2 protein chains.
Amino acid sequence: MKRQSMAPAGNRPETRPTLAAVAARAGVSASTASLAFSGRGPVSDDTRAKVLAAAAELGYGGPDPLAQSLRRGRSGIIGALIPARIGVSFRDPVLIQTLDGLAEEISAIGAGLLLLPDQDPDSGYVNVTDAPVDAVVLVGCSADALSALDALQRRSIPIVQIEGPVDAGVHTISVDNRGGVRLLAEHLRAFGHTRVALVTLALDRARTAGPLTAEREAGATVTAALDRIAGARDVYPGVGGWVAGASRSDAGREAALALLTVPPAGRPTAILAQSDLLAAGVLAAAEELGLRVPEDLSVVGFDGIRVDGLERSLTTVWQPSQDKGAAAGRAIVEMLAGRSPEPVSFDVRFQPGDTSGPAPA
Amino acid sequence: MKRQSMAPAGNRPETRPTLAAVAARAGVSASTASLAFSGRGPVSDDTRAKVLAAAAELGYGGPDPLAQSLRRGRSGIIGALIPARIGVSFRDPVLIQTLDGLAEEISAIGAGLLLLPDQDPDSGYVNVTDAPVDAVVLVGCSADALSALDALQRRSIPIVQIEGPVDAGVHTISVDNRGGVRLLAEHLRAFGHTRVALVTLALDRARTAGPLTAEREAGATVTAALDRIAGARDVYPGVGGWVAGASRSDAGREAALALLTVPPAGRPTAILAQSDLLAAGVLAAAEELGLRVPEDLSVVGFDGIRVDGLERSLTTVWQPSQDKGAAAGRAIVEMLAGRSPEPVSFDVRFQPGDTSGPAPA
DNA sequence: AGACCGGCTCGAATCGATTCGACCTTTTTT
DNA sequence: AAAAAAGGTCGAATCGATTCGAGCCGGTCT
């Protein structure tokens with residue numbers, strides 16, 4: 001058992017041909033062979049043909065990207081730090097759109113996207129720190145994630161965050177979360193609502209659901225969620241609500257059930273959900289409870305996405321998710337070129353729908 | 001203009017500290033410094049402390065992953081070839097689940113996932129061939145993609161495909177597509193349906209929608225779609241239908257509208273959609289056209305996913321998407337360890353719902 | 001006391017390419 | 001016909017780490 005199974009496979013069948021081997025076989029120097037492959041220098045057609053022939057004979061698959069990366073100092077890989085594992089993160093259309101815009105822009109420099117779930121450092125998942133990335137984009141991550149990044153900054157790897165604390169000394173792409181929600185809140189106030197409740201996005205990396213308490217808010221690390229709360233408070237100062245675990249309709253439904261199954265006198269007449277997906281869940285909960293929308297309950301969302309299977313037109317605020325990703329991509333490209341991009345902030349757009357109306361009498 | 005703007009930035013502020021620099025400052029050799037960082041060899045606490053101190057003073061961020069990759073011959077990156085750009089591909093829950101399972105498994109060896117949209121080679125997107133990947137997984141790609149892979153095989157980079165032509169000489173993970181659809185078709189036949197139509201997945205890389213013609217079938221390169229057609233033909237030999245552009249409900253809706261807006265005499269009494277998302281679109285179309293399901297029209301899907309916003313319980317066949325991804329991940333891990341994994345094929349499970357019933361009289 | 005051993009450190013080779021400047025032919029210019 | 005220019009090719013240095021075998025040193029065993 002020892003002998004045969006241990007031997008990898010004979011003497012050196014593993015040995016793959018290198019550029020040097022190809023060059024030797026073609027009777028030219030390694031430098032010339034390199035030039036022949038990259039087409040970056042003057043090489044006679046004759047020589048090139050010889051090199052290519054030698055490569056074919058040896059079964060050489062082209063220059064090793066690893067070696068190229070080291071030499072060039074670039075791997076052509078941009079790390080995308082996402083808030084949770086793939087199966088969870090990619091349920092969120094906003095994240096998908098953002099990444100799509102990002103991927104599109106960085107393809108301009110031939111770079112690809114490496115998915116880096118923001119897990120516990122000891123979860124076995126790749127650590128941002130020791131991945132061969134040229135730059136990192138934080139998309140929708142909690143501020144906790146930033147802590148892991150000083151190692152990157154020491155290595156002077158460009159970092160861009162999409163939504164995050166502005167004081168972090170990191171290039172930030174964002175929208176006017178606070179102003180957007182303020183628009184929604186004003187809309188509700190204009191309709192005469194006084195008992196309003198929030199359904200917020202996850203507040204921290206742990207993303208546990210539950211009532212929105214002062215302590216939880218104090219410990220929150222997701223800037224977008226906090227800004228949106230602040231926007232609501234601009235109009236309804238002490239407004240409370242429920243923290244959803246994820247931006248998904250099931251989480252919204254649970255939150256709404258918790259908020260709505262109270263004596264009618266104290267029940268909110270409007271729910272301000274921090275995402276359209278959450279709002280869809282709120283609508284589902286309302287229907288289950290026999291509440292009519294908007295007669296008994298007004299519901300507003302955030303994002304302006306098209307929610308699959310939702311016939312209603314949601315009152316919401318639209319944000320340019322894809323553009324945010326694209327802006328992050330362009331910023332990365334700029335930074336890798338040694339320039340300093342201007343910070344970008346996008347506007348949101350109020351989008352009235354049929355899920356909000358006058359407060360019930 | 002020449003002089004000042006060309007100078008990158010003074011003399012050498014760009015120069016980041018290297019391990020050698022740290023070692024020099026700590027008064028030890030580079031080898032010892034390396035040992036101190038990796039913890040892979042015997043280093044006295046004293047020395048380690050000196051090295052760490054020197055690193056801190058110099059602002060050294062740890063060993064360069066690029067150099068490590070070259071030395072080790074591993075980048076810790078697995079390429080995931082996805083069928084379309086991110087914004088399109090990730091609308092498909094099956095793909096997401098698959099990638100989730102995949103990511104989970106490869107995290108066991110600390111590897112991450114690099115997203116590689118299977119675009120035209122000259123689209124500017126990263127080419128699989130020159131990305132520093134240790135292995136590649138094709139997930140739901142057309143066979144066209146395989147053509148680009150001989151370069152990888154020459155470099156002896158492990159390749160695994162999830163659903164694809166079995167004769168490609170590539171490790172394949174799949175489910176019994178044909179058998180699964182056959183179950184559905186038999187189910188419909190048992191209900192007495194004779195006029196049946198298909199709504200298929202995209203047949204090729206171009207993924208254009210349109211009627212299912214013999215020519216299109218002949219030129220098809222998506223094995224899963226073909227196998228599912230074959231399964232239907234096992235029961236309904238000449239059955240035709242419509243090719244959807246993508247696995248999404250809007251595509252399913254369009255296909256169904258095309259199939260159903262014909263004189264009632266020729267109208268199908270059952271539609272066999274090749275995915276649940278497509279089936280959801282078919283249901284939407286039926287509702288628009290005032291057809292009752294299952295009284296006027298039976299609809300069956302494939303995948304067994306929970307479709308957001310769909311209240312009905314779809315008659316479908318469930319497939320273990322996440323397990324498929326996980327199996328691919330394990331296969332990769334095996335292959336990277338120099339072993340040869342066994343090919344895996346999963347079973348599917350018929351899942352009756354309330355969208356299928358007896359054929360109308 | 002001499003042989004031996006274990007713990008720690010160092011030198012040098014290696015991973016696989018790219019790139020700059022030098023050098024040698026030809027060909028063109030004056 | 002001599003000088004300059006152009007076109008190709010090659011050597012050697014470099015990117016930044018890892019790793020193996022050798023060497024050194026102080027202590028233990030006999």
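Residue numbers begin at 1 in each chain, while the letters A, B, ... track the order of the sequences. A quick note: this is a predicted structure, and the numbers were derived from the prediction, not measured.
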Write down the distance between [atom1] ([X]) and [atom2] ([N]), rounded to a whole number of angstrom.
| X | N | atom1 | atom2 | result |
| --- | --- | --- | --- | --- |
| A:L70 | D:dT14 | CG | P | 14 Å |
| B:K50 | C:dT9 | NZ | P | 8 Å |
| A:L66 | C:dA17 | CG | C1' | 11 Å |
| B:L19 | C:dG11 | CG | C1' | 15 Å |
| A:L35 | D:dG8 | CG | C1' | 9 Å |
| A:F37 | C:dG16 | CZ | P | 15 Å |
| B:R155 | C:dG16 | CZ | P | 12 Å |
| B:D46 | D:dG26 | CG | P | 15 Å |

For A:S44 and A:D46, test the side chains for any donor-to-acceptor distance below 3.5 angstrom and give the result as yes or no.
no
Indicate whether the side chain of A:T172 and that of A:Q161 have a donor and an acceptor atom separated by less than 3.5 Å.
yes
[N], OP1 or OP2 - any side-chain N/O from [X] closer than 4.0 Å?
| X | N | answer |
| --- | --- | --- |
| A:R72 | D:dC15 | no |
| A:S29 | D:dC10 | yes |
| A:T32 | D:dC10 | yes |
| B:Y60 | D:dA17 | yes |

Let me know, please, whether B:A67 or B:G27 comes out on the 5' side of the other along DNA chain C by nearest nucleotide.
B:G27
Report the distance from atom CD1 of B:I86 to atom CG of A:L115, rounding to the nearest 0.5 Å.
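Nearest 0.5 Å value for the CD1-CG distance: 7.5 Å.
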How is A:T47 classified with respect to the nucleic acid when contacts are heavy atoms under 4.0 Å: base, sugar-phosphate, or nothing?
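Touches sugar-phosphate only.
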Which of the following nucleotides, [options], is nearest to the side chain of [X]?
| X | options | answer |
| --- | --- | --- |
| A:V28 | D:dC10, D:dG16, C:dA17 | D:dC10 |
| A:S44 | D:dG8, D:dA17, C:dA17 | D:dG8 |
| B:P42 | C:dT9, C:dC15, C:dA17 | C:dT9 |
| B:S31 | C:dC10, C:dC8, C:dG16 | C:dC10 |

Has A:R74 got a side-chain atom pairing as donor or acceptor with A:L336's backbone, closer than 3.5 angstrom?
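Looks like yes, one N/O pair under 3.5 Å.
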Check whether any side-chain N or O of A:S89 sits under 3.5 Å from a backbone N or O of A:A84 as a donor-acceptor pair, and report yes or no.
yes
